[in-house]
Amino acid sequence: MGCSSSLPDRSAGAGRVGGLNPSNGDSDAKNLRVKLVLLGDSGVGKTCIVLRFVRGQFDPTSKVTVGASFLSQTIALQDSTTVKFEIWDTAGQERYAALAPLYYRGAAVAVIAYDITNPDSFHKAQHWVKELQKHGSPDIVLALVGNKADLQEKREVSVQDGIDYAEKNGMFFIETSAKTADNINQLFEEIAKRLPRPPSS
Amino acid sequence: MTSDSSSRSSSSDEEDEKSTGKKPNTNSIDNSLDAIENQLSSISFNAPIDENTATFADYNHESVSEINDGSLTETVGERRVISIGESSSSRGTGLWTKNMEVEVEMDGSMASPSSSGYAGERGSSGSVSVTSGCGSDGVREVRDNGSTAGDDGVNSLDTDRGQWTSGKRHADEDDTSVSWRKRKKHFFILSHSGKPIYSRYGDEHKLAGFSATLQAIISFVENGGDRVKLVRAGKHQVVFLVKGPIYLVCISCTEEPYESLRGQLELLYGQMILILTRSVDRCFEKNPKFDMTPLLGGTDAVFYLLIHSFSQNPATFLHAYTCLPLAYATRQAAGAILQDVADTGVVFAILMCKDKVVSLVGLQKASLHPDDMLLMANFVMSSESFRTSESFSPICLPRYNPMAFLYAYVHYLDADTYLILLTGSSQAFFHLKECRIRIETVLSKSNVLSEVQRSMSEGGLRIDQLPVDPSARSGSLFHLNQRKPSPETVVGVGGPAGLLHFIYRSIYLDQYVSSEFASPINSRPQQKRLYRAYQRLYASMHDKGVGPHKTQFRRDENYVLLCWVTQDFELYAAFDPLADKAVAIRICNRVCQWVKDVENEIFLLGASPFSW
């Protein structure tokens with residue numbers, strides 16, 4: 001499914017080609033273009049994280065994502081490079097689980113989100129981590145995100161549990177709140193810093 | 001209440017936990033379920049079938065009349081009639097005149113005396129005698145208007161979109177709730193092992209006991225080598241549809257014809273297939289007790305809107321789609337660019353505005369069934385996430401290929417107008433995205449989008465503009481001077497000769513056009529009542545038993561309804577109840593002529609996939 005064709009491009013670090021990857025990889029050392037996939041249980045706030053990041057909006061009414069939505073956003077880093085995130089916001093529903101490889105194949109970044117008030121979603125997140133370690137790109141950047149951090153009084157997954165699990169699996173960890181915008185930009189900036197850079201010519 | 005009911009429903013899950021926390025309750029479903037289980041076991045010992053069916057009738061009667069409104073008073077002292085196939089036909093005829101009847105109609109029973117009795121009954125609300133069915137209907141509909149708050153689940157939909165996107169309403173109810181029993185129209189989807197999959201009202205898991213009961217009825221009849229289609233209990237009809245391991249049931253007291261309710265179950269099933277494909281059947285082959293509810297997670301809004309459309313969208317019973325009225329050249333321009341992208345491997349390219357088609361193009365000879373279009377448009381319009389950003393989602397078109405997913409690229413071009421590009425390749429997103437950008441550029445350059453907007457706000461065929469004088473025929477809807485500037489313009493009472501509304505369905509094109517609603521049919525309940533009347537008219541015209549008919553003229557206290565079916569078209573028209581028959585017929589001729597005159601603008605002609 002287009003996976004093999006991405007091999008020659010891997011040395012470039014980002015902008016791989018493949019089924020759901022843009023084919024015209026116009027990444028260079030100063031302007032990165034990366035495919036990012038957002039995974040996690042339904043209702044943890046994946047779409048809210050993306051919409052907060054891309055449009056600065058927050059809509060408290062829950063809108064179930066169908067299939068996957070595609071959005072992009074470019075950020076500028078302090079070292080004057082720009083990173084264009086091409087984000088696949090996937091549906092958390094069980095019936096779409098089998099389709100996930102379509103979206104994470106060839107992704108340079110996977111953000112796995114859970115809801116800090118819902119331990120089940122934390123377990124589901126761990127399931128996604130395992131799947132990506134098995135089937136994702138070998139040099140994929142993994143980020144674990146505990147969302148809904150504004151709901152401290154309802155917290156059921158401790159910060160330490162998140163940190164421990166992320167450390168064990170070599171992931172970047174952060175707690176966010178799409179509602180208050182807390183740590184949302186930081187999440188993507190941190191990811192951008194961790195991206196493997198193509199050798200500058 | 002809640003804890004009580006949940007313990008009850010778990011206890012009635014017939015195969016799992018049989019007696020945990022069960023409470024004695026003489027009227028409960030559980031006892032009825034026990035009764036049916038006893039029946040099922042006794043029938044295997046070849047007990048005399050008459051006794052069995054008699055008890056079965058009691059059982060049916062219990063469960064169905066309870067739904068009625070929770071009061072058992074109307075059942076006291078009444079005789080029950082049941083007819084199952086040939087076996088009990090001798091009992092059926094003798095007791096026919098009693099006012100409380102429970103009937104079971106099955107495939108194999110059409111020739112029995114009891115079912116001929118049923119046919120007469122159906123005739124009264126259907127085609128043969130015009131008045132008797134309508135009188136009681138009028139009473140019911142008055143009640144409809146009076147009791148507003150959501151008892152049929154359809155209120156102020158357009159004004160408050162948030163209401164239905166948030167998912168199921170009345171999720172706290174179950175079969176012990178009085179409010180649940182009073183609902184006029186229930187829809188259930190369950191598995192062949194009796195596990196609930198979907199319920200219009202109430203939480204599926206709490207309805208496990210009720211689902212098991214429905215399953216028991218179906219499998220009891222199936223064990224006898226027959227199939228249950230309909231149970232009548234007083235005002236209630238219980239309609240069954242079996243689709244492999246999936247059972248669908250509608251319990252309704254809306255007096256809609258059996259054929260209509262069955263058609264609605266077919267659409268409900270189709271909607272489920274659109275989301276999951278028929279490969280879900282395989283899950284049941286592996287594990288008969290498979291729980292399907294998680295697979296439909298987050299789709300309540302889809303089913304909610306579909307069920308809503310059963311009483312608001314004539315496409316649900318006409319099996320035809322409708323187009324947004326547009327100048328011929330405008331629609332041609334839209335079709336041309338869609339054809340362009342279709343040539344690059346897109347299976348279907350569809351441009352729609354709400355539930356109306358702007359243009360539609362299919363690859364080579366692939367044709368899109370109107371029901372598939374209805375279900376797809378319903379799916380897109382009910383899923384709010386499509387409005388947020390461009391999306392790529394698997395969907396299955398049940399009439400095109402129920403076993404496989406296509407991949408749909410969906411993008412809203414403005415608040416109401418959306419583009420769907422369907423492909424067989426899961427890898428085609430970026431190609432489709434480029435196609436969309438091209439289409440969007442062309443559409444905005446050629447002003448198609450603004451024309452679409454204008455047509456949306458101006459509306460389509462208006463009965464007050466029906467050309468009465470043949471010499472005034474114009475051949476186009478789009479003469480600026482004749483168009484009223486605002487849709488709010490008060491229209492007099494109907495059109496010429498008391499014409500209130502019409503629907504014209506072109507058989508050849510699989511398309512219909514309906515006039516805009518005008519005074520006095522302004523409110524939702526009035527529109528719903530008219531659609532229900534059309535629905536009955538449609539069912540009676542297409543009744544295979546006594547039809548097909550060519551014309552029908554019926555008068556009741558609400559309308560004069562006139563239907564005319566030819567090889568080319570079907571016309572359904574509603575007039576003021578005092579309208580004169582001869583004049584009404586003359587007006588219908590004018591309507592047909594008018595539709596023909598402007599067909600370039602109201603129908604998708606030529607480049608459609610149906611023209612081959």
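In the text below, chain A, chain B and the rest are named by the order of the sequence lines, each starting its count at 1.
Of all the heavy atoms in Val66(A) and Ser391(B), the pair that sits closest is O-CB, 4.5 Å.
At a threshold of 4.5 Å between non-hydrogen side-chain atoms, the residues Leu295(B) and Glu94(A) count as touching. No side-chain heavy atom of Tyr409(B) sits under 4.5 Å from any side-chain heavy atom of Phe70(A). Side chains of Leu99(A) and Pro394(B) form a contact here, defined as non-hydrogen atoms less than 4.5 Å apart. Annotation: side chain of Gln427(B) is in contact with side chain of Leu102(A) (closest heavy-atom distance under 4.5 Å).
A distance of 6.0 Å separates CD1 of Ile275(B) from CZ of Arg95(A), quoted to the nearest 0.5 Å. Once rounded to the nearest 0.5 Å, the distance linking CD of Gln93(A) with CG of Leu296(B) reads 10.0 Å.
Between Tyr103(A) and Phe429(B), the distance from one ring center to the other does not fall under 6.0 angstrom.
Most heavy-atom pairs under 4.5 Å with chain B: of the set Thr61(A), Leu71(A), Asp89(A), Val54(A), this distinction falls to Leu71(A). Residue with the most contacts toward chain B among Thr65(A), Thr47(A), Val50(A), Asp59(A): Thr65(A) (heavy-atom pairs, distance under 4.5 Å).
Around CZ of Arg282(B), the count of heavy atoms belonging to other residues, nucleotides or ligands within 6.0 Å does not exceed 12. Atom NZ of Lys179(A) has 12 or fewer heavy atoms from other residues, nucleotides or ligands within 6.0 Å. The number of heavy atoms from other shown groups lying within 6.0 Å of CD (Gln78(A)) does not exceed 12. Other residues, nucleotides and ligands place no more than 12 heavy atoms under 6.0 Å from the NZ atom of Lys154(A).
Only the side chain of Leu276(B) comes within less than 4.5 Å of a heavy atom in chain A; its backbone stays farther off. Heavy atoms of Phe405(B) lying under 4.5 Å from chain A are absent altogether. Neither the backbone nor the side chain of Ser425(B) comes within less than 4.5 Å of any heavy atom in chain A.
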